[in-house]
Structure formats: structure tokens, C-alpha cells
Amino acid sequence: MHAINHLGKTMKPSEFNKLIKPVIEWYGKNDVLENIKQVMNFQGYSLWWSSRLIKKDIYMDNEWFVDLIKRVFGKNIQKSMGYENKKRSIFFILYLFFFDLYRCILFKFLLKKQHYNSNDVFFHSFELNIKSKEHSFVDRHLGKVPDLSEQYNLNHTFLLSLSKRKILNPINLKRKINNYKKLKQNIIFLDRYITLKDIILIHCLLFKIFIKIKFFFKKEKLISKNFHINGINCNDIFYSELEQSFFGTLQESLYSALCFYNWSKQTKNKIYVVNTIENLAAARAIYYFSKKGNQNCKFISIQHSEINSNKIEFINHPNEFKDTDSKFPSPSTDYYFVHGNR
């Protein structure tokens, strides 16, 4: 099993499954988690769905999972390669605020808002997935799918989220944008749709919620009721992972979501967006705020790789998406095309 090999030889598949099952079941306990979702309310969307706990990373930054296995089974497994303790101070939140202000101003200076035809099919791409070709580029996850739309007499446009890396040099960024504009493809730069007001709103409300979370857990003492796995107290592990969500993960999720919100609200017509981010934590705020901007915005998600039972970031409890027993059900894609029947 791939994930087991990655985590180390001491982790047996039976132990892995024994641990993951109660974790996934815990995510479906809306009665237990409802108060946390309420406290993390951001304009009607619960940031719980964008947190590192929903992300469930056991590959790139698996410290929480390593600690969990040690707590439950008393075993030490391998941490992510290149891992270093990334616990941030509260001053890092201030850095993120000024960084987002800078890139917002930079994109407003270098780009203009672009008009588009709502009859097009839109393909959302991240720059890190782009492979350059002569006079064009290919999204390595979408492959030839955008070009195939032309067989049905449909024009397509790429919604491109630029990488936040290497944008500190405005000259290099301008050169990169000009290179994209020279391509024989319709491209909308989503980063242009964030506003200074959005940046201030994101960071002020996140900081307020961060303080509430610390106060909330201490006053109500809900940790002791929430974070138990197989009867073993795991509050400190899960709380630490939740807290670290406020040091970059949630800021980036809301940045992308409000870019989509401002883009989608330009029309009330039905628009279709194809992506490959499925129902991952990074996608959920995008789904919520896009529909808040335009109720006729529909998402079609394509499974971009093979999924097995060890890729727990793709494993969700059905209760997460039910609005019958929660005021904050998770947003999801409207259509989901998968490999096989799992």
C-alpha cells in the first residue's frame, strides 16, 4: 500500500485502517462539530471546511498524523521528507496580511479586469500544473479535455490562478503575464479580481475568529468532548492542526474564493467551470463563494488521478455534505466524474 510505505515499515495496513475509520467517522459527527463550525463562520461559510483538519495531509506535512499514530499505537513512523517544525508565531499572520496587500496592488497595476463570454466553457487551472507548448500551454491534469470542447462547437477559456511564489519581482511577473498573453488561448487571470477591501476583510475576520477559537476552546472546554479517537484523548494534536490553519491555509483558501466570487458575479447567466480539485479542502470555499456571486455558476470536477483508500484527503463522510443535520454543510462540486465506481 503506497501510503503505508511512505509512512514507514512499522505501520501495518490493518493499523492504518483501524485508525482512519474512526477519524473519518468523527468528521461525520455534525452534532459534536456543529459548535466549532459556528465559531468558524465567515460570511455564512464555515472555515472548518478549509482547515488543515479537512485537508488531511499525510504526505507533504504529516506531523499531525505521525503524532496521532504514536498516541494511538505507540509507534514512531517517518515524517515527511524535508520536514521541519513549521509552527508560526502570531507575527507571521501580520506578514501574510502585508504580502496579500502587496500582491493585490501589484496585480491591479499589471492587469485589467477582462470581459468574457459566459457561453464559453471555463477551465480552472493552477500555474503549478501548467506545461508550456509552442504558442499554448497544457494543464497536466486536464490534458486534452479543453481542446475536445471544440468538437461540440464550444469555445473555452482558462481561469488561471497564478502561483504566489516568485511574484515579489514585478519585472519578472510582468514578463510572465506578457508571455501568457502572447499565447493563442483565452486566459482570464483570477488574481486580478481580488480587491483591497477583500484583503482587509479576510485578514481582519480571520484574526477575530482565531482569537475566538482560542477563547472558545478554553471557556467551553469542548476539546475534551470533540477530539477523541478510539477512546484516546487526541485534543492537543487536532487542536494544533486546526490552529495552524490560521497561518496561511485559510488565508490562501479565502483569497482564491473571493477571486472567484468577484469574477462570477459579473454575470447572472449560467456559467460552467471545469476543474480537477474535486471536493478537496482547497475547493470548498471556491464552490461556496462562486455560487454566492452567481447562483447559476456550476462546477464540473474531474478526478485527476487514481485514488486508493490510503489517500485520505479524498475520503469524506457523507454527513459532511448533508444540510439536514447541520447549518453549515460542506459545499461540493455540482458534477463529479470519477474513475471507476469508487
Side-chain angles (χ1 to χ4, degrees), residues 2-3 5-6 50 55-62 80-82 107 114 116 120-152 154-167 172-173 175-192 249 252-253 255-257 259-260 263 271-287 290 298-308 310-315 332-340 342:
H2 179 71
N5 292 335
H6 170 77
S50 297
K55 188 178 180 181
K56 303 189 287 285
D57 185 1
I58 64 172
Y59 291 100
M60 304 302 294
D61 187 3
N62 68 346
S80 303
M81 292 191 65
F107 281 119
Q114 299 155 278
Y116 60 90
D120 284 5
V121 178
F122 298 92
F123 291 89
H124 182 207
S125 295
F126 294 92
E127 189 176 24
L128 59 87
N129 293 328
I130 295 300
K131 289 186 175 181
S132 297
K133 293 177 62 178
E134 187 178 2
H135 306 304
S136 66
F137 67 74
V138 174
D139 184 311
R140 62 190 178 92
H141 287 162
L142 288 168
K144 296 181 179 179
V145 173
D147 294 330
L148 292 175
S149 63
E150 296 179 1
Q151 296 180 9
Y152 301 92
L154 296 171
N155 295 322
H156 67 271
T157 296
F158 283 96
L159 301 174
L160 184 59
S161 295
L162 293 173
S163 173
K164 70 176 184 177
R165 300 176 182 176
K166 301 178 181 179
I167 72 166
N172 289 340
L173 180 60
R175 184 182 298 117
K176 178 167 64 174
I177 290 172
N178 286 339
N179 288 336
Y180 278 122
K181 289 181 176 180
K182 293 177 183 177
L183 300 178
K184 296 178 179 179
Q185 288 167 308
N186 296 326
I187 303 173
I188 290 177
F189 299 95
L190 283 171
D191 296 82
R192 177 57 182 84
T249 301
E252 197 61 27
S253 180
Y255 177 95
S256 298
C259 285
F260 260 98
W263 169 76
I271 48 179
Y272 290 95
V273 180
V274 181
N275 66 31
T276 57
I277 50 178
E278 306 173 53
N279 286 321
L280 294 171
R284 302 190 189 194
I286 290 175
Y287 295 148
S290 295
K298 302 294 182 181
F299 283 89
I300 303 168
S301 201
I302 302 172
Q303 182 183 326
H304 71 275
S305 65
E306 297 298 324
I307 298 174
N308 57 51
N310 298 321
K311 294 185 176 182
I312 63 173
E313 67 270 32
F314 293 95
I315 302 175
S332 64
T333 182
D334 296 286
Y335 306 95
Y336 192 6
F337 292 89
V338 300
H339 304 172
R342 178 158 183 152

S.K.: Taking the side chain as every heavy atom from C-beta outward, state whether Tyr152 and Val121 have any atom pair closer than 4.5 Å.
M.R.: no
S.K.: Test your reading of the model: is there a side-chain donor-acceptor pair from Ser136 to the backbone of Lys184, 3.5 Å cut-off?
M.R.: no
S.K.: Are any non-hydrogen side-chain atoms of Ile130 and Leu160 less than 4.5 angstrom apart?
M.R.: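 In short, these two side chains touch, coming nearer than 4.5 Å.
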S.K.: Are side-chain heavy atoms of Ile277 and Phe299 found at a separation under 4.5 Å?
M.R.: no
S.K.: Between CG of Asn129 and OG1 of Thr276, what distance do you get to the nearest 0.5 Å?
M.R.: 6.0 Å
S.K.: How long is the straight-line distance from OH of Tyr336 back to CD of Gln303, given to the nearest 0.5 Å?
M.R.: 5.5 Å
S.K.: Test side chain to side chain contact (heavy atoms under 4.5 Å, CB included) on Glu278 and Ser301; report intermediate values, then the result.
M.R.: CA-CA 5 Å; Glu278 306 173 53; Ser301 201; 3.7 Å; yes
S.K.: Just verifying a value: how many Å separate Thr157 OG1 and Ile271 CD1, rounded to the nearest 0.5 Å?
M.R.: 11.5 Å
S.K.: With sequence neighbours left out, what residues match Asn155 under side chain to side chain contact (heavy atoms under 4.5 Å, CB included)?
M.R.: Asp120
S.K.: Please test Asn179 against Phe137 for side chain to side chain contact (heavy atoms under 4.5 Å, CB included), starting from the C-alpha separation and ending with a verdict.
M.R.: CA-CA 11 Å; Asn179 288 336; Phe137 67 74; over 6 Å; no
S.K.: Could you pull out all residues at least two apart from Glu252 that satisfy salt bridge (Lys or Arg N to Asp or Glu O under 4.0 Å)?
M.R.: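 Listed in chain order: Arg103, Lys164.
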S.K.: Tell me, please, which residues at least two apart from Ser253 pass side chain to side chain contact (heavy atoms under 4.5 Å, CB included).
M.R.: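 Ser50, Ala285.
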S.K.: Just to verify, what does Tyr116 make a ring pair (Phe, Tyr, Trp, His ring centres under 6.0 Å) with, not counting sequence neighbours?
M.R.: Phe122, Trp263
S.K.: Check side chain to side chain donor-acceptor pair (under 3.5 Å) between Ser256 and all other residues, then give those that pass, not counting sequence neighbours.
M.R.: none
S.K.: Considering residues at least two apart in sequence or located in another chain, which fulfil the side chain to side chain donor-acceptor pair (under 3.5 Å) criterion with Tyr180?
M.R.: Glu127
S.K.: Got a sec, which residues hit side chain to side chain donor-acceptor pair (under 3.5 Å) with Ser161, two or more places apart in sequence or on another chain?
M.R.: His124
S.K.: Distance from Ile300 atom CD1 to Phe337 atom CZ, nearest 0.5 Å?
M.R.: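 One finds 6.0 Å between CD1 of Ile300 and CZ of Phe337.
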S.K.: Any chance you could measure Asn275, atom CG, to Leu159, atom CG, to the nearest 0.5 Å?
M.R.: 10.0 Å
S.K.: Can you list everything that forms a side chain to side chain donor-acceptor pair (under 3.5 Å) with Ser125? Sequence neighbours excluded, please.
M.R.: Asp139
S.K.: Would you check if there is a donor-acceptor pair between the side chains of Arg175 and Asn178 at a distance under 3.5 Å?
M.R.: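 Side chains of Asn178 and Arg175: no pair found under 3.5 Å.
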S.K.: How far does CD1 of Ile315 sit from CD of Glu313, to the nearest 0.5 angstrom?
M.R.: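 Ile315 atom CD1 to Glu313 atom CD measures 8.0 Å (nearest 0.5 Å).
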S.K.: Which residues pass the side chain to side chain contact (heavy atoms under 4.5 Å, CB included) test with Asp191, not counting sequence neighbours?
M.R.: Phe107, Leu162, Tyr255
S.K.: Applying ring pair (Phe, Tyr, Trp, His ring centres under 6.0 Å), name anything that partners His156, two or more places apart in sequence or on another chain.
M.R.: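 Ring pair (Phe, Tyr, Trp, His ring centres under 6.0 Å) check on His156 returns Phe123, Phe158.
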S.K.: Considering residues at least two apart in sequence or located in another chain, which fulfil the salt bridge (Lys or Arg N to Asp or Glu O under 4.0 Å) criterion with Asp334?
M.R.: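 With sequence neighbours excluded, Asp334 shows a salt bridge (Lys or Arg N to Asp or Glu O under 4.0 Å) to Lys291, given in chain and number order.
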S.K.: I'd like to check the side chain to side chain contact (heavy atoms under 4.5 Å, CB included) partners of Gln114; sequence neighbours left out, ordered by chain and number.
M.R.: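 Residues passing side chain to side chain contact (heavy atoms under 4.5 Å, CB included) with Gln114: Ile188, Phe189, Tyr193.
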